[in-house]
Amino acid sequence: MSTPSACWSLSPTQILDQLVRTLALQFQVPISLVSIIDERRQWFRARIGLAAEHTARDQSFCAYAILEKGVFQVPDTHLDPRFADNPLVTGEPGIRFYAAAPLITEDGLGLGGLCIIDTVPRPALTVEQAAVLEHFAQLAMLRLSTLRSASYLDAPTGLFNRFRLEQDIDHALTFGGHSLVVIDLVTPDFLNDLVRALGYNFSQELVSVLHNALREQLPDGQALYKITPTRFGFLVASGKQVAERAFKQLLSAFEAPLACGNIPIQTQPGIGAIALELDSSDTDRDWLRLAVSAADDARDRGTGWCWYEPHLDLAQQRAFLLLTSLAEAVRSEDQFHLVYQPRLEVTGGQVTTVEALLRWQHPVLGPVSPGEFVPLAEKTALMRPLSLWVLKHVVEQAARWQRQGLRFRVAINVSAPDLASPLFTDRLMELVAQHALDPQALEVEFTESALSQNLDMVCDQLLRLRALGMEVSIDDFGSGYSNWTYLSQLPATTLKLDRSLIKNITEQEKDYRLVEAMIELARRVGYRTVAEGIETLQQYQLVSALGCQQVQGYLIARPMPAGALESWMTTQRRQLANQLREAEPVQSLH
Ligand code: C2E
Ligand code: MG
Ligand code: MG
């Protein structure tokens with residue numbers, strides 16, 4: 001006999017095993033099972049008298065049992081056309097008699113059945129026997145529920161967790177007509193910032209405020225699942241239009257700030273939804289990931305909600321592929337190379353600087369633009385090895401040109417994380433010393449995104465570079481929310497006006513006036529100005545008349561490998577400079 005403590009030490013499945021053993025004894029049958037059904041199989045959570053752990057769902061007797069309210073019985077399978085040809089009847093274990101009580105959850109969901117099976121026909125169960133079987137099924141269900149609630153609940157919130165959601169998605173797929181909805185209430189970055197600013201307890205409280213507020217907006221009885229601390233999910237059975245009305249209501253409910261510990265918190269909801277439809281061609285779709293990508297997209301596009309669209313997922317898959325192959329690419333040495341684009345002095349036509357630009361030849365995807373992979377890498381730790389790769393190759397090339405007596409600077413693009421710590425500058429100094437390179441032969445270009453980092457640290461790093469005699473330029477100025485106040489504070493020497501500003505200056509008077517004002521302001525603050533993206537002679541004539549000192553763009557030259565640049569310098573550059581000198585500066589066209 002087991003002592004009570006020995007009983008408590010039984011594993012959950014041992015308890016169910018004891019139960020089927022007792023049942024087999026009670027009914028004098030060779031086989032008894034606790035069977036759970038999913039859309040493809042039936043699984044035996046406990047079994048006696050059967051070796052298999054699962055069978056295909058279409059052979060399952062229990063699939064019939066869960067449709068019944070009471071006990072389901074087949075006294076002789078050979079006489080029942082539904083089962084006479086079933087492989088479990090014609091082959092092993094040779095089922096002749098079958099009876100099962102359904103296992104039903106509190107919310108009415110049929111999970112499977114508790115069954116007794118014989119290999120010879122038997123009379124139907126009496127009412128009393130059927131009641132005993134049902135009683136045992138209730139016991140088994142109690143055991144299964146405690147197991148389910150322990151492993152399917154998120155302890156701090158009491159909400160269902162992601163495992164449970166994945167299971168329920170499977171069930172919803174079998175029933176059809178459901179959609180999965182994912183709602184992000186704030187971004188993980190926002191929550192992390194709050195943890196840093198106000199502490200962990202506050203952020204915990206916010207998570208609870210968020211899910212309470214969401215629960216209030218959902219109909220009573222709607223199951224809510226916590227996917228991450230800021231992301232929740234639920235399943236809806238309504239059509240698309242009804243669901244969309246509900247999304248709009250949800251969004252308007254979250255327009256007002258939520259109070260958390262007397263601090264108003266503005267949520268930024270993103271709702272993503274996907275219709276759950278079984279498609280024989282791909283049964284193993286990652287529904288949750290697809291709904292999450294739709295929610296991210298809803299927020300990025302500022303639409304608030306959106307349905308999953310396959311092309312957006314393709315973009316995400318491509319981003320994933322790029323990021324997973326980046327580390328290998330940095331190691332491989334033959335996937336990356338640098339090209340150089342000259343900048344021309346308006347007065348004199350000299351080339352004082354060439355900009356190093358990274359190129360990636362991906363083994364499967366072919367050429368990938370840095371405009372695509374650099375912003376992705378910047379979000380991960382992969383940017384560091386990539387920046388160091390560029391730095392090493394730029395310094396080596398600049399040292400080679402220095403040895404050849406070529407006198408121009410090489411500008412290197414640095415990304416925000418490079419300036420967020422002293423490591424990049426340290427490495428740059430090491431490499432410069434190692435290659436005996438005059439640091440004045442280098443220039444660093446950074447964009448305003450670097451200023452979102454610790455500003456003091458960024459300034460410290462820039463000052464160290466300036467102290468070595470390097471030029472420092474602000475790249476893509478005017479492309480985003482350019483902040484004029486930084487201009488007087490930053491230890492920079494050059495302002496590069498973004499291509500988007502230059503693009504329309506010949507047609508749009510406003511753009512022209514803006515460029516005029518920027519060049520004037522930069523001059524007053526003491527910056528040299530460079531116009532990027534000069535593609536036509538007219539653009540060149542306009543910016544040179546406005547006093548812009550340097551120009552860069554396809555009109556001058558496209559980015560090219562080091563060797564091609566050397567020959568360009570000796571041949572085309574002079575010819576181009578002469579052509580440009582002949583082109584009169586043009587005062588305003590407007
Ligand atoms: P950026 O630093 O502003 O570089 C200028 C970009 O404009 C380059 O694109 C260049 O090829 C392109 N360009 C130059 N002249 C013209 C023109 O006349 N018309 C047009 N339409 N485009 C022109 P690219 O090489 O694709 O680089 C894109 C961006 O990727 C760069 O913008 C820079 O932010 C980043 N990047 C490139 N190489 C590196 C690198 O080594 N490290 C880092 N951190 N970023 C890099
Ligand atoms: Mg640049
Ligand atoms: Mg630029």
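Every number for a ligand or one of its atoms is a count from 1 in the order of the listing.
Atom CZ of Arg384 is surrounded by 12 or fewer heavy atoms from other residues, nucleotides or ligands within 6.0 Å.
Judged purely by atom type and a 3.5 angstrom limit, Gln550 has no side-chain atom pairing as donor or acceptor with the backbone of Val346. Between the side chain of Gln350 and the backbone N or O of Leu344, no donor-acceptor pair lies under 3.5 Å. Checking side-chain atoms of Ser473 against main-chain N and O of Asp475 turns up no donor-acceptor pair under 3.5 Å.
Electrostatic pairing of Glu372 and Arg318 counts as a salt bridge here, judged by a charged N lying under 4.0 Å from a carboxylate O. A salt bridge links Arg409 and Glu471; the closest N-O separation between the charged side-chain nitrogens and carboxylate oxygens is under 4.0 Å. With salt bridges taken as basic N to acidic carboxylate O contacts below 4.0 Å, none links Asp476 and Lys496.
Closer than 4.0 angstrom to ligand 1 lie heavy atoms from Gln341, Glu355, Leu357, Leu358, Arg359, Ser369, Pro370, Gly371, Val374, Met383, Val390, Asn413, Val414, Ser415, Glu445, Asp475, Asp476, Arg499, Glu532, Gly533, Ile534, Glu535, Gly553, Tyr554, Pro559.
For the Mg ion (ligand 2), the nearest N, O or S atom contributed by Glu355 is named OE2.
Taking the six-membered ring for Trp and the full ring otherwise, Tyr340 and Trp568 have centroids separated by 6.0 Å or more.
Taking the ring centre of Phe424 as origin, the terminal cationic atom of Arg427 falls outside the region bounded by 6.0 Å and 45° from the ring axis.
By the 30° and 60° cut-offs, the orientation of the rings of Phe232 relative to His211 is tilted.
Within the 2.8 Å limit, Ser473 places no N, O or S atom next to the Mg ion (ligand 2).
Protein atoms that are N, O or S and lie under 2.8 Å from the Mg ion (ligand 3) are these: Asp475 OD1, Asp476 OD1, Glu532 OE1, Glu532 OE2.
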